[in-house]
Amino acid sequence: MGSRISKGSAIVGVADHAGWAVLMTVASDGTLLDRRRVELVDDALPKLPYHHDAQGLPIDEAVALIARVRLSAETHAAACLDALTAAVPIKIAGIAIRACPPLPDTDAERISDYRSQNVADTVMYRAALAQAAEARGWAVHWYEAKRVFDEAARVLRLETIDKFLKKTGDALGPPWRKDHRTAMAAAIAATPER
């Protein structure tokens, strides 16, 4: 877990996918300030290079492809956090990102290891967001998806967060999917307890 986040600031919760993410920015009192879907890689590049596109390439070409995708992810992550910072009326102090599984050290090892091929792409996008957040001085909170709803309920001092999230979704209207609920719960879970 990263450092805790001070009261009176905002936290960004992230639910990431292959090349894109849902960002939910929440004030420390649980008020939703912003929701958005962001792209994390150029359209011309593959979204899952470890899992698909690097497979079957000579290793030097595969590693070079992943380096291009990683650079694009880092550029997009920085740009989307800049845009978010400009849009939110209070200071953003942190980001909550799903915890990453351990991986081999090198891209070549990640390409050749079957388990790594299946998770290395999402880890790359999460790392790009974490790096962009740290560059802004934000705390990075790593959450476990299986526990994040319970942790958010505990922070809000609720038995369950389901009604709170349903009320928020009903007020906002669509889209309100599992990604939105997870990202919002992650942001709340990263706030100081009341």
Problem set entry | Distance-only donor-acceptor check, side chains Asp179 and His17, under 3.5 Å | yes
Exercise. Closest approach of Val12 and Ala187, non-hydrogen atoms and distance?
Worked result: C-CB, 4.1 Å
For this session: Decide side chain to side chain donor-acceptor pair (under 3.5 Å) for Asp121 and His52; before the verdict, give the C-alpha distance in whole Å, the side-chain angles of both, and the deciding distance to 0.1 Å.
Result: CA-CA 10 Å; Asp121 295 305; His52 291 294; over 6 Å; no
Exercise. Which distance, rounded to the nearest 0.5 Å, do you find between the CE of Met124 and the SG of Cys100?
Worked result: 11.5 Å
Exercise. With a 4.5 Å heavy-atom cut-off, do His141 and Ile95 have their side chains touching?
Worked result: no
Exercise. Would Leu57 and Asp53 satisfy side-chain contact (heavy atoms from CB on, under 4.5 Å), going step by step from the backbone distance to the final call?
Worked result: CA-CA 8 Å; Leu57 289 177; Asp53 302 270; 5.7 Å; no
Problem set entry | Any donor-acceptor N/O pair, Ser116 side chain to Ser112 backbone, under 3.5 Å | no
Exercise. Would you say Ile66 and Leu71 are hydrophobically clustered, going by side-chain heavy atoms of ILVMFWY under 4.5 Å?
Worked result: no
Exercise. Distance from Tyr114 atom OH to His51 atom NE2, nearest 0.5 Å?
Worked result: 6.0 Å
Exercise. Does Arg126 reach the main-chain N or O of Ala99 with its side chain, forming a donor-acceptor pair under 3.5 Å?
Worked result: yes
Exercise. When you measure from the side chain of Arg110 to the backbone N and O of Pro104, does any donor-acceptor pair fall under 3.5 Å?
Worked result: yes
Exercise. Between Asp34 and Leu84, does a side-chain contact (heavy atoms from CB on, under 4.5 Å) hold up when you go through it step by step?
Worked result: CA-CA 8 Å; Asp34 187 271; Leu84 182 61; 3.3 Å; yes
Problem set entry | Salt-bridge criterion met for Arg70 and Asp107 (N-O under 4.0 Å) | yes
Problem set entry | Heavy atoms of other groups near Asp170 CG, more than 12 under 6.0 Å | yes
For this session: Starting from the C-alpha separation in whole Å, work towards a yes-or-no answer on side-chain contact (heavy atoms from CB on, under 4.5 Å) for Phe164 and Ile188.
Result: CA-CA 11 Å; Phe164 178 84; Ile188 292 167; 3.6 Å; yes
For this session: Apply side-chain contact (heavy atoms from CB on, under 4.5 Å) to the pair Thr31 and Val26, showing each step before the final yes or no.
Result: CA-CA 6 Å; Thr31 303; Val26 179; 5.9 Å; no
Problem set entry | Asp162/Lys166 salt bridge by N-O under 4.0 Å criterion | no
Exercise. Is it true that Ile59 and Leu103 fall in one hydrophobic cluster, defined by side-chain heavy atoms closer than 4.5 Å?
Worked result: no
For this session: Answer with yes or no whether the hydrophobic clustering places Val123 together with Ile111; edges join I, L, V, M, F, W, Y residues whose side-chain heavy atoms lie under 4.5 Å apart.
Result: no
Exercise. Is there side-chain contact between Leu65 and Pro46, with at least one heavy-atom pair below 4.5 Å?
Worked result: yes
Exercise. Under a 4.5 Å cut-off applied to non-hydrogen side-chain atoms, are Asp42 and His76 in contact?
Worked result: yes
For this session: Indicate the atoms forming the closest heavy-atom contact of Val140 with Ala130, along with that distance.
Result: CG2-O, 3.9 Å
Problem set entry | Side-chain donor or acceptor of Glu61 paired with backbone N/O of Pro58 under 3.5 Å | no
Exercise. In Å, rounded to the nearest 0.5 Å, how long is the span from CG of Leu81 to CD of Gln131?
Worked result: 11.0 Å
Problem set entry | Within 6.0 angstrom of Arg98 CZ, more than 12 heavy atoms from elsewhere | no
Exercise. Between Tyr143 and Ala96, which heavy-atom pair has the shortest distance, and what is it?
Worked result: CE2-O, 3.7 Å
Seminar exercise, completed: Of all heavy-atom pairs linking Ala10 and Leu33, the shortest is CB-CD1, 3.8 Å
Problem set entry | Distance in Å, Tyr50 OH paired with Thr122 OG1, rounded so as to fall on 0.5 Å steps | 10.5 Å
Exercise. More than 12 non-hydrogen atoms from neighbouring residues, nucleotides or ligands closer than 6.0 Å to CZ on Arg115, yes or no?
Worked result: yes
Problem set entry | Nearest-0.5 Å distance, CD of residue Glu151 to OG1 of residue Thr191 | 11.0 Å
Problem set entry | For Val69 against Tyr125, the heavy-atom pair lying closest together | CG1-OH, 3.9 Å
Exercise. If two hydrophobic side chains count as joined below 4.5 Å and joins carry through other members, does Trp142 share a cluster with Leu23?
Worked result: yes
For this session: Look only at the side chain of Thr182 and the backbone of Lys178, and say whether a donor-acceptor pair between them is shorter than 3.5 Å.
Result: yes
Exercise. Is it the case that one hydrophobic cluster holds both Leu45 and Leu129, taking links as side-chain heavy atoms less than 4.5 Å apart, direct or via other members?
Worked result: yes
Exercise. Hey, is Arg136 close enough to Asp82 for a salt bridge, meaning N to O under 4.0 Å?
Worked result: yes
For this session: Using the six-membered ring of Trp20, assess whether NZ or CZ of Arg37 lies under 6.0 Å from its centre and within 45 degrees of the ring axis.
Result: yes
Problem set entry | Minimum heavy-atom distance between Val22 and His180, given as atom pair plus value | CG1-CD2, 3.6 Å
Exercise. Do the non-hydrogen side-chain atoms of Thr160 and Phe149 ever get within less than 4.5 Å of each other?
Worked result: no
Problem set entry | Atom CG of Asp60 with >12 non-hydrogen neighbours under 6.0 angstrom | yes
Exercise. Could you give the distance from CZ (Arg181) to OG1 (Thr168), rounded to the nearest 0.5 Å?
Worked result: 11.5 Å
